[in-house]
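Each remark here refers to the structure printed beneath this line.
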Amino acid sequence: MKRTVIIVAGGKGVRMGGGLPKQFVPLQGKPLLMHTLNVFHQWDAAAEILLVIPEGQVSYWTMLCKELDCTVPHRIVYGGETRFHSVRNGLNETEGDGIIAVHDGVRPFVSPDVISSCFTAAEAFGAAIPVVPMIESVREINGGDSRPFDRNRLCVVQTPQVFRASLLRRAYEQPYDERFTDDASLVEAAGQAIRLVDGNRENIKITTPVDLKCAEFLLMEKNGGGENLKIGY
């Protein structure tokens with residue numbers, strides 16, 4: 001069955017600080033986004049990768065790919081006003097049946113096992129997302145008051161969120177609503193149940209300087225100790 005991965009990278013770098021969009025922040029001499037592409041290409045070199053980025057960032061990305069010799073095959077799609085519109089733009093470039101994953105461009109540490117589990121579950125059940133247990137205490141806020149909430153009833157949602165192509169296309173026929181915070185909420189609103197799959201704790205979304213510090217450590221561990229760890233191009 002055909003496998004397609006839509007990688008969405010529309011960040012502006014506001015929370016990261018500085019003027020560089022977060023997907024281009026360098027880690028071990030390569031932008032975060034390039035690490036993410038590599039993960040999916042190494043998982044399945046036959047999977048089609050669509051990279052959705054703002055039109056104004058395409059020339060910079062193309063320059064990075066030439067300078068850093070990025071050999072991962074991918075097609076570039078222009079992003080939209082919101083994540084919803086960006087995913088829909090990517091989805092409009094897909095054809096035929098199969099399984100489609102949507103992944104955040106700044107999650108370069110998703111494990112191959114999690115990717116495989118999500119695709120397998122989506123093929124069997126229609127829609128699958130990776131989640132990890134909530135480990136911190138949480139409180140529910142109601143006006144000026146708050147109360148403890150049972151964290152065992154909560155989980156943290158990750159990407160890739162994976163769906164049968166027909167289901168995802170039908171879901172994106174719905175009009176934009178800011179309540180749709182991810183693809184699963186949109187698909188669920190269209191009437192499809194979501195299958196939960198165990199995620200991996202390392203699959204963090206890198207959006208702040210603290211996240212970047214965690215990413216440096218994770219890459220050091222991945223490289224077997226990180227004796228040659230280098231931050232920057």
Side-chain angles (χ1 to χ4, degrees), residues 1-11 22-23 32-33 36-37 39-40 43-44 47-54 74-112 114-132 134 154-200 203-207:
M1 186 171 288
K2 182 179 179 181
R3 294 170 165 178
T4 301
V5 181
I6 299 174
I7 296 178
V8 184
K22 58 191 177 185
Q23 59 267 26
L32 292 173
L33 185 54
T36 302
L37 264 67
V39 168
F40 283 92
W43 168 71
D44 182 0
E48 180 182 29
I49 298 177
L50 300 179
L51 175 60
V52 186
I53 58 176
H74 62 280
R75 284 198 288 142
I76 293 176
V77 180
Y78 293 159
E81 180 181 355
T82 68
R83 186 184 187 281
F84 171 94
H85 298 95
S86 291
V87 174
R88 190 171 66 183
N89 288 355
L91 194 58
N92 287 340
E93 295 298 317
T94 66
E95 296 180 348
D97 296 328
I99 305 296
I100 298 177
V102 182
H103 189 69
D104 297 323
V106 289
R107 289 187 188 267
F109 296 108
V110 61
S111 76
V114 168
I115 300 173
S116 293
S117 295
C118 287
F119 269 84
T120 298
E123 186 171 351
F125 301 103
I129 63 174
V131 299
V132 292
M134 175 70 70
L154 300 173
C155 59
V156 177
V157 175
Q158 302 178 332
T159 66
Q161 300 190 356
V162 187
F163 313 91
R164 291 179 191 158
S166 57
L167 292 176
L168 190 59
R169 293 192 186 104
R170 186 170 72 243
Y172 269 91
E173 292 175 357
Q174 299 175 96
Y176 169 71
D177 190 317
E178 61 182 11
R179 292 175 299 176
F180 297 143
T181 57
D182 63 359
D183 309 286
S185 58
L186 189 67
V187 169
E188 196 167 39
Q192 173 65 39
I194 306 298
R195 187 81 171 186
L196 302 185
V197 172
D198 289 338
N200 63 297
N203 185 18
I204 60 173
K205 187 176 182 180
I206 302 170
T207 60

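In this chain, numbering begins with 1 at the start of the sequence shown. Quantities reported herein were computed from a predicted structural model and do not represent experimental measurements.
Each of V197, V157, I194 was checked for a side chain to side chain contact (heavy atoms under 4.5 Å, CB included) with V131, and the lone residue meeting it is V157.
The shortest distance between side-chain heavy atoms of I115 and V39 falls below 4.5 Å. Contact check for M134 versus V156: side-chain heavy atoms found under the 4.5 Å cut-off. Residues L37 and I7 have side chains in contact (heavy-atom distance under 4.5 Å, counting atoms from C-beta outward). Using a 4.5 Å heavy-atom threshold, the side chains of R169 and L91 count as touching. Using a 4.5 Å cut-off on side-chain heavy atoms (C-beta onward), V102 and P160 make no contact. Counting heavy atoms from C-beta on, the side chains of I53 and L33 come closer than 4.5 Å. At least one side-chain heavy atom of W43 sits under 4.5 Å from a side-chain heavy atom of S116. V132 has its side chain out of reach of N200: every pair of non-hydrogen atoms, C-beta onward, lies at least 4.5 Å apart.
Of the possible donor and acceptor atoms, none in the side chain of E93 sits under 3.5 Å from a partner among the backbone N and O of L50. Between the side chain of T36 and the main chain of L32, a donor-acceptor pair closer than 3.5 Å is present. Side-chain N or O atoms of H103 include one that pairs as donor or acceptor with a backbone N or O of R107 at under 3.5 Å. Side chain of D177 to main chain of R179: a donor-acceptor pair is present (N/O by atom type, distance under 3.5 Å, no hydrogens or angles).
Atom CD1 of I6 is separated from atom CZ of R88 by 12.5 Å, given to the nearest 0.5 angstrom. Taken to the nearest 0.5 Å, the CG atom of D104 stands 4.5 Å off from the NZ atom of K205. From Q192, atom CD reaches atom CG of L186 across 12.0 Å, with rounding to the nearest 0.5 Å. In this structure, CD on E188 lies 10.0 Å from CZ on F180, to the nearest 0.5 angstrom. To the nearest 0.5 Å, atom CZ of residue R195 and atom SG of residue C118 are 12.0 Å apart. Summarising the geometry, atom OG1 belonging to T94 is positioned 8.5 Å from atom CZ belonging to R75; distances are rounded to the nearest 0.5 Å.
Using a 4.0 Å cut-off between a side-chain N of Lys or Arg and a carboxylate O of Asp or Glu, E48 and K2 qualify as a salt bridge. In this structure, D182 does not pair ionically with R83, as no charged nitrogen and carboxylate oxygen lie closer than 4.0 Å.
If you check the side chains of D183 and Y172, you find a donor sitting under 3.5 Å from an acceptor.
The heavy-atom pair separating S86 from G79 by the smallest distance is OG-CA, 3.5 Å. For the pair P175 and F84, the tightest heavy-atom approach, listed with the atom from each and the gap, is C-CZ, 4.1 Å. Residues G98 and M1 share a closest heavy-atom pair of CA-CG, 3.6 Å. The nearest pair of heavy atoms linking P54 to A9 is CD-O, 3.4 Å. Nearest heavy atom pair, residue I99 against residue A122, reads CG2-CB, 4.2 Å. Among all heavy-atom pairs drawn from V52 and G90, the shortest one is CG2-CA, 4.0 Å.
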>> Run F163 and V187 through side-chain contact (heavy atoms from CB on, under 4.5 Å) and show every step you take.
In response: CA-CA 9 Å; F163 313 91; V187 169; 3.6 Å; yes
> Checking side-chain contact (heavy atoms from CB on, under 4.5 Å) for the pair I129/L196: CA distance, chi angles, key distance, verdict?
Replying inline: CA-CA 5 Å; I129 63 174; L196 302 185; 3.7 Å; yes
> Run the side-chain contact (heavy atoms from CB on, under 4.5 Å) check on F40 and V110 step by step: do they pass?
Replying inline: CA-CA 9 Å; F40 283 92; V110 61; 4.3 Å; yes
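Within a 6.0 Å radius of CG in D198, no more than 12 heavy atoms belonging to other residues, nucleotides or ligands are found.
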